[in-house]
Amino acid sequence: MADSAPAPVKSRGLEGVVALDTELSYINGQEGELLYRGYDIKDLAKNASFEEVAYLLWNGNLPNQQQLDELTAQLQAERALPNEVLDHLRHHTPKDANSMSALRTATSMLADFDADTESHDREANYRNAIRLTAKMPTIVAAFDRIRKGLEPVAPKGEGSMAYDFLYMLNGEAPGERAEAIMDAALVLHAEHGLNASTFTCRVIGSTLSDMYSAVTGAIGALKGPLHGGANIKVMETLLDIQQSGKTPAAYVREKLDAKEKIMGFGHRVYKTYDPRAIILRDMLEGLSDEKNDRYWYETSRTMMEEVHDAKGLYPNVDFFSASVYYLLGIERDLYTPIFAISRITGWTAHLLEQWEDNRLIRPRAEYVGPRGETVGPIAGR
Ligand code: ACO
């Protein structure tokens, strides 16, 4: 009898596989185009706040003033952490813990303090999305202050999330420029199709597990240096170049000759400039001039040209964001957590979308191991 099952498709790393439909973002990897729900990222970065983008991703349309005020107030009201989570960060998180591990564990703990965690109606899921988005910056800031022997700063409960994050991190109100740069960086990182962490999130969500479990898994995926963790590695490379006394071009050539990857370059989908990298590059140039420190910008430009000439690769979102955060005076290992406090909006929007029309995500593996083995007595093994 003929086998009616479709022929299995195999793709290493699932490259080119379309696993589902989404209305959240469109990526044209050949043209370097990125849209969130139809809006060009360049337009959003210039003209929309992170809160407006969060609303757009969760609801499908940009908010009017009243809707924006309501969401901003909800985020402000939800920003404080339960005491138990704060105590965990104070007393049970090692001072030298990996920043993403600390964020992952604290985020996971939040599940037990949210009465809506196990509910699966859309309203409850939407409330969870707001709570997670509100609280993740508080975790990152508290972790950083506690490990430095400082008291965590309670959220101000006013202003944008970018403002409150920088306020909780530094214990003082950020300048308008720093707030605007952080806000734009959050907009740029909010959503990006079925990347590794979002896929992780949807896989976990597809089992009808809860939002906190899915987001905890996504944080774990984002931590990896081939994904969000690359921004920390980029800054390490830039500092290494500075300390080595080598020219950026010679440094890059040496690494490539040794078959090492240069972090912040290459992308599974973009085969040209990542549009977010261009926006961040321009932000870095402006910030460099304001800070009267063009070293990181110039070094990055040279690296970019060298990597392109040698390998035909382009910078991705992690390349220029690293120097932007560096010039804002942010600790290097917080760069990936900052990515997470933005991408939480994309992750949760994908979960809301997944649960609108859920189907278990469950691919297959081709078995390539032996067959016909038999269990012999243990003494003979
Ligand atoms: N430096 C040097 N060579 C590279 C780089 C790089 N950054 N990226 C890819 N290549 C080379 C590979 O060595 C490979 O060469 P080969 O064919 O001669 O063996 C070729 O380009 C294809 O690379 P793959 O790793 O197979 O491409 P893939 O699509 O699997 O990986 C990835 C994409 C993981 C992003 C890769 O480009 C990489 O490791 N980049 C560095 C890490 C990084 O910046 N990650 C952040 C990505 S953006 C984000 O997740 C937010």
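Numbers here are sequence positions counted from 1. Atoms within each ligand, like the ligands themselves, are counted from 1 in listed order. Keep in mind the model is a prediction, meaning the values are calculated, not measured.
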Quiz item: Parallel under 30°, tilted from 30 to 60°, perpendicular over 60°: which one fits the rings of Y163 and Y167?
Solution: parallel
Quiz prompt | Protein residue, atom and distance nearest to atom 50 (O) of ligand 1, heavy-atom basis | solution = H227 ND1, 2.7 Å
Quiz item: Side chains of S119 and D116: do they bring a donor and an acceptor to under 3.5 Å?
Solution: no
Quiz item: When you measure from atom 47 (C) of ligand 1 to every protein heavy atom, which one gives the shortest distance, and what is it?
Solution: N316 ND2, 3.4 Å
Exercise. Answer yes if the side chains of T336 and N231 hold a donor-acceptor pair under 3.5 Å, and no otherwise.
Key: yes
Quiz item: Of the backbone atoms (N, CA, C, O) and the side-chain heavy atoms from C-beta on, which set of H192 has a member under 4.0 Å from an atom of ligand 1: side chain, backbone, both, or neither?
Solution: neither
Exercise. Using distance alone, with no hydrogens and no angle criterion, decide if W347 and S197 have a side-chain donor and acceptor under 3.5 Å apart.
Key: yes
Quiz item: Which heavy atom in N316 sits nearest to a heavy atom in A277, and how many Å separate them?
Solution: O-CB, 3.6 Å
Self-check item: Subset of ligand 1 atoms that lie under 4.0 Å from at least one heavy atom of A230
Solution: 43 (C), 44 (O), 45 (N), 46 (C)
Exercise. Report the part of V307 in contact with ligand 1, treating N, CA, C, O as backbone and CB onward as side chain, heavy atoms under 4.0 Å; options are side chain, backbone, both, neither.
Key: neither
Practice problem: Could you walk me through whether S160 and E179 pass the side chain to side chain donor-acceptor pair (under 3.5 Å) test, one step at a time? | Solution: CA-CA 8 Å; S160 69; E179 181 189 351; 2.7 Å; yes
Practice problem: For atom 23 (O) of ligand 1, decide whether some protein heavy-atom distance is shorter than 4.0 Å. | Solution: no
Self-check item: Ring geometry between F265 and F319 (parallel below 30°, tilted from 30 to 60°, perpendicular above 60°)
Solution: tilted
Quiz item: Is there a side-chain contact between H308 and Y314 (heavy atoms, below 4.5 Å)?
Solution: yes
Exercise. Indicate whether any N or O donor in one side chain lies under 3.5 Å from an N or O acceptor in the other, for Y126 and N59.
Key: yes
Quiz item: Which ligand 1 atoms, with their elements, are less than 4.0 angstrom from a heavy-atom of V317?
Solution: 51 (C)
Self-check item: Closer than 4.0 Å: a protein non-hydrogen atom to atom 10 (N) of ligand 1
Solution: yes
Exercise. Report the nearest protein non-hydrogen atom to atom 35 (C) of ligand 1: residue, atom name, distance rounded to 0.1 Å.
Key: G266 O, 3.7 Å
Quiz prompt | Which residue and heavy atom of the protein sit nearest atom 30 (O) of ligand 1, plus the separation | solution = R268 NH2, 3.0 Å
Quiz item: Do any non-hydrogen protein atoms sit less than 4.0 Å from atom 17 (O) of ligand 1?
Solution: no
Exercise. Have a look at ligand 1 and work out which part of L256, if any, has a heavy atom under 4.0 Å from it: side chain, backbone, both or neither.
Key: side chain
Quiz item: Among side-chain atoms of Y251 and D240, is any donor-acceptor pair under 3.5 angstrom?
Solution: yes
Self-check item: Protein heavy atom at shortest distance from atom 15 (O) of ligand 1
Solution: K311 NZ, 4.0 Å
Practice problem: Go through the steps for H192 and Y270 under the test ring pair (Phe, Tyr, Trp, His ring centres under 6.0 Å), then give the verdict. | Solution: CA-CA 11 Å; H192 207 239; Y270 293 116; 5.3 Å; yes
Quiz prompt | Atoms of ligand 1, numbered as shown, that sit under 4.0 Å from any heavy atom of F339 | solution = 51 (C)
Quiz item: For F265 and ligand 1, does the shortest N/O to N/O distance drop below 3.5 Å?
Solution: yes
Quiz item: At a 4.0 Å threshold, what atoms of ligand 1 neighbour a non-hydrogen atom of G264?
Solution: 43 (C), 44 (O)
Practice problem: Verify the contact flag for atom 1 (N) of ligand 1, where contact means a protein heavy atom under 4.0 Å away. | Solution: yes
Quiz prompt | Residue pair E151 / R145: nearest heavy atoms and the distance that separates them | solution = O-NE, 2.7 Å
Quiz item: Which of the listed options, R12, R343, K261, holds the heavy atom that is closest to atom 39 (O) of ligand 1?
Solution: K261
Exercise. Considering only protein heavy atoms, determine whether one is less than 4.0 Å from atom 41 (C) of ligand 1.
Key: yes
Quiz item: If we ignore angles and hydrogens, is there a donor and acceptor under 3.5 Å between the side chains of T345 and W58?
Solution: no
Exercise. Decide whether H350 and R202 meet the rule of one side-chain donor and one side-chain acceptor closer than 3.5 Å.
Key: yes
Exercise. Could you tell me whether P225 approaches ligand 1 through its side chain, its backbone, both or neither, with non-hydrogen atoms closer than 4.0 Å?
Key: backbone
Self-check item: Heavy-atom pair of closest approach, residues M161 and E51
Solution: N-OE2, 2.6 Å
Quiz item: Does atom 26 (O) of ligand 1 have a protein non-hydrogen atom under 4.0 Å from it?
Solution: no
Self-check item: Atoms in ligand 1 with a heavy atom of M263 nearer than 4.0 Å
Solution: 41 (C), 42 (C), 44 (O)
Quiz prompt | Part of L313 with heavy atoms under 4.0 Å of ligand 1, whether side chain, backbone, both or neither | solution = side chain
Quiz item: What do we get for F319 next to ligand 1 when only non-hydrogen atoms under 4.0 Å count, side chain, backbone, both or neither?
Solution: neither
Quiz item: Which one holds for L226 and ligand 1: side chain close, backbone close, both close, or neither close, with close meaning a heavy atom under 4.0 Å?
Solution: both
